[in-house]
Amino acid sequence: MNLTLATTALKKYFGYDQFRPLQAEIIQNVFNGKDTLVLMPTGGGKSLCYQIPAITMEGVAVVVSPLIALMKDQVEGLSANGIPAAFINSSLNSDQQRKVENALLAGYVKLLYVSPEKLVSQGFQPLLKRLKITLFAIDEAHCISSWGHDFRPEYTQLKFLKAQFPGIPLIALTATADKLTRKDIVNQLGLEEPAVFIASFDRPNISLTVRSGQKRFEQIISFLKQHPNQSGIIYCLSRKGCESLSEKLNEKGFKSDFYHAEVPPAKRSKVQDDFINDRTPIICATIAFGMGIDKSNVRFVIHYNLPKNLEGYYQEIGRAGRDGLASDALLFFSYGDLISYREMFEQSDASTEQKDLKIAKLERMFQFAEAPVCRRKTVLNYFGEPYDGQCGNCDVCKNPPKHFDGTIAAQKALSAISRTGQRVGMSLLVDILRGSNRREILEHKYHLIKTYGAGKEFGYDDWLFLISQMMHIGLIEIAYDDHNCLRVTDAGQKVLFDGKQVSLAMPEPKTRPGDKMAAPKVVEKSKTQLQREELLSRLHLLRRDLAVQHGIPPYTLFSDVTLQQMTDARPLSDAEMLGIEGVSERKLQLYGDAFLQEIRQFVLEKTQAGERIIGSTHYISYHMYQTGKSIPVIAEERGFSTLTIMNHLATMYERGELFDISAWVSPETCDLIQGALPLFEEPYQLKPIFEHFSERFNFDEIRWAIADYRKSDKKPA
Ligand code: ADP
Ligand code: ZN
């Protein structure tokens, strides 16, 4: 089996021209009959690694997947591309299952998705034995490890696959696996000297932003205003939080719903369905939401609360931008969250060891949020992937902090902590520095200490920003065991008493909540931009209508990438449509005409309105010709030469438009000219051919013979 076959299938069934990094190597490995372990981030393109071998090899590929909802999605997606696929899990009744079994035995199915429960059940074995199996794919393979968070006991029984089907290649895939889990997967599945492929976990299309949690609702509203009509998830810590946030968003006119473990199952699947089908753009959810959602056009993920650790954070933001288009991850952090997590961990009845681990991970999460270091660098390094330089797509890279001599500011804060007998928390400290009349201040007579009101030069949020840096560099610590009061550390003492210098990142107006998120400068949009936006939104609407008609999610019909490419390239023929990423042969058949129609309509409307449309000039001439105008008339009206118009028509003909050309070149002449074409090279020049035939044929005849030659299969491949 070779890769040319794989590349052909990639184009034919998925409409893609190239493999992503590692896909080709992985597929080749499977072709070679070897066991394979694949680690790739969400959205990296794991599915194709087993789907392409499944399609091109003889027999059926058996795919083990832990999520029933996802199976249905995958099968729908494959069917939409004309690939025969089916699933068997507990959601089928016995009649439905028998139908699938019959199709399998008749050899109609290329990919079979099975739940692990089914696969390991006794009743299923006879069927397995009767099938010609190409490969086994174990999706979400980390579920096999009891170390991970998604442990599925049935996965541990999958060892029987290698034992009973020794010669059949097995491919295990996952997006989350540390070294321990990796080892577990290999051992438990009994993989034989597997090739291990580890893709970069970087998701460069996701822009990473961290913001202080002050006024987060206002910040979210301004974010949403800047990202109109986009679909996204807002993760909240509590069930109540989800509900009240969703309600407030709806009041502000942002259509949203909520999802958490206590929502009844029927309502939960409706919420999920409405999200997938673009009926509800925004979901406020606990982390219960997201597993099993394959929606490729999630444009943003917002963390209303700090995630418990970087693993969770990265997994959750990974749900954005699976289609590779620009997406946003926005994280809010506050000391309140940090403190409540700590209390939660402390109070849980986990072992001290586990508690410590959780707290250590929480602290890494917090450091990530606080450190003025490229976010991507921090997170990738955490996952053991060295990342040098600046990503250019996170808030730190976009607005590098400016440093200033913060010694005096630090001394003020440290002195205030010290003079209150280290009895105050963060917010009270800031209020003392800013000279507030808060009741606690007067009660404890903090208004009498020397540093009261000494820090009015910074706003409340600026002080939070400065104090968190001071914690970060170890001048201050939080006494978690003593009402979360702030303490001056030894390093802090040196600053306070020995005047040791401190450099701090300057709080800038833009790091204050609300500011950066304020309305962007109004820039006059160019005509081209406006045209682009209009066409894109028309294609989105068309996609939505067709998706409803066909009963599939819009992103399964065509991804956002495909719609964007259509908008930019404005294909006007079938052949051009096939050149668009994500347009497979099957999808061209099903939806090509509708989209071509819409694009043509758009081009004509704009032209009639006197707007210039770049790249569509051939089509406009052709359309005029179709409405019965002669070539000289079109030339006159458009201000071009007749030769140019003729060339427009010929180009449209080459692109696959069918019309009678015998008026310009007779079939006999056509044959004669074409017979000589192999003597020349693309791109053909008219003049040498004209001379080759000693001026026997005119330029129009030659041009048409070439068009017919290019279009037909007479042309050597
Ligand atoms: P994963 O399972 O790793 O999360 P998927 O297999 O769902 O990722 O792929 C994510 C998206 O990328 C899908 O929309 C898929 O069609 C697309 N994709 C995968 N491989 C390619 C490729 N070679 N070219 C273009 N798009 C691809
Ligand atoms: Zn960066």
Side-chain angles (χ1 to χ4, degrees), residues 10-18 20 43 45 76-77 80-82 205 228-231 277-278 295-299 321-327 525-550 552-609 611-623 648 651-652 654-657:
L10 182 69
K11 184 68 194 163
K12 178 170 158 131
Y13 290 104
F14 297 94
Y16 301 142
D17 289 316
Q18 282 173 349
R20 293 227 181 114
E76 268 177 3
N81 279 325
N205 62 316
N229 304 321
Q230 292 193 351
S231 185
N277 288 294
D278 291 343
K295 185 175 162 67
S296 69
N297 60 342
V298 175
R299 292 270 72 88
R322 274 168 178 252
D323 52 18
L325 295 178
S327 310
K525 285 181 181 156
S526 71
K527 197 100 207 159
T528 324
Q529 263 172 316
L530 289 171
Q531 282 178 351
R532 189 176 184 286
E533 281 173 18
E534 184 188 332
L535 180 56
L536 187 61
S537 86
R538 283 168 69 158
L539 297 183
H540 270 277
L541 287 177
L542 175 63
R543 176 178 72 171
R544 206 182 56 189
D545 291 348
L546 285 176
V548 172
Q549 275 175 34
H550 289 262
I552 53 173
Y555 62 87
T556 302
L557 201 141
F558 279 137
S559 74
D560 285 13
V561 180
T562 304
L563 295 195
Q564 288 206 358
Q565 284 202 7
M566 280 187 199
T567 305
D568 292 333
R570 278 191 231 106
L572 294 166
S573 68
D574 281 3
E576 287 174 352
M577 199 52 132
L578 267 181
I580 302 284
E581 188 177 310
V583 181
S584 61
E585 287 181 7
R586 175 89 180 140
K587 286 187 177 173
L588 178 73
Q589 252 175 27
L590 289 176
Y591 321 117
D593 272 349
F595 282 84
L596 280 174
Q597 227 34 60
E598 187 70 33
I599 296 168
R600 291 177 168 192
Q601 186 59 33
F602 173 83
V603 168
L604 289 179
E605 279 170 25
K606 293 296 147 193
T607 318
Q608 274 154 13
E611 291 182 25
R612 233 175 83 79
I613 299 220
I614 299 158
S616 303
T617 184
H618 302 90
Y619 177 63
I620 294 161
S621 297
Y622 174 62
H623 179 75
H648 286 173
T651 306
M652 290 304 292
E654 284 167 6
R655 288 178 180 181
E657 290 303 320

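Basis for what follows: all heavy atoms, side chains included, without hydrogens, waters or symmetry-related copies.
- The main-chain N or O of R322 is never found under 3.5 Å from a side-chain atom of K295 such that the two would form a donor-acceptor pair.
- To the nearest 0.5 Å, atoms NE2 (H648) and OG1 (T617) are separated by 4.0 Å.
- Here the side chains of E581 and Q564 are not in contact, with every heavy-atom distance at 4.5 Å or above.
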Q) Yes or no on side chain to side chain contact (heavy atoms under 4.5 Å, CB included) for H540 and D560, after CA distance, side-chain angles and deciding distance? A) CA-CA 8 Å; H540 270 277; D560 285 13; 3.9 Å; yes

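- A donor-acceptor contact shorter than 3.5 Å links the side chain of N81 to the backbone of Y13.
- Within the 3.5 Å criterion, the main-chain N or O of F558 finds a donor-acceptor partner in the side chain of R543.
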(Q) One pair to check against side chain to side chain donor-acceptor pair (under 3.5 Å): E533 and Q529. What are the steps and the verdict? (A) CA-CA 6 Å; E533 281 173 18; Q529 263 172 316; 5.5 Å; no

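- Nearest heavy-atom pair across I552 and N277 is O-OD1, 3.8 Å.
- Rounded to the nearest 0.5 Å, atoms CE (M566) and CG (D568) are 11.5 Å apart.
- Taking OG1 of T651 as the reference point, atom NE2 of H618 lies at 4.0 Å (rounded to 0.5 Å).
- Proximity of T562 to K587: side-chain heavy atoms (C-beta onward) are nowhere separated by under 4.5 Å.
- D323 and S559 share no donor-acceptor pair across their side chains, judged by distance under 3.5 Å alone.
- Heavy atoms only, all atoms of each residue included: D17 and L10 are closest at C-CD2, 4.1 Å.
- Using a 4.5 Å heavy-atom cutoff, the side chains of P571 and I599 are in contact.
- Smallest separation of non-hydrogen atoms from S573 and R600: CA-NH2, 4.4 Å.
- Summarising the geometry of R299 relative to A326, their closest heavy-atom pair is NE-O, 3.2 Å, with the distance given to 0.1 Å.
- Going from atom CD of E76 over to atom CG of L557 covers 11.0 Å, rounded to the nearest 0.5 Å.
- Between G321 and S327, the shortest heavy-atom distance links the atoms CA-OG, 3.0 Å.
- Ring geometry for H623 versus Y619: interplanar angle of 30 to 60°, hence tilted.
- F595 pairs with exactly one of V583, L563, I580 by the side chain to side chain contact (heavy atoms under 4.5 Å, CB included) rule, that one being L563.
- Under the 4.5 Å side-chain criterion, counting only non-hydrogen atoms from C-beta, R570 is in contact with L535.
- In summary, the side chains of E585 and Q589 do not present any donor paired with an acceptor at a separation below 3.5 Å, with no hydrogens or angles considered.
- Within the model, atoms CD of E534 and CD of Q531 stand 8.0 Å from one another, a figure rounded to the nearest 0.5 Å.
- The number of heavy atoms from other shown groups lying within 6.0 Å of CZ (R538) is above 12.
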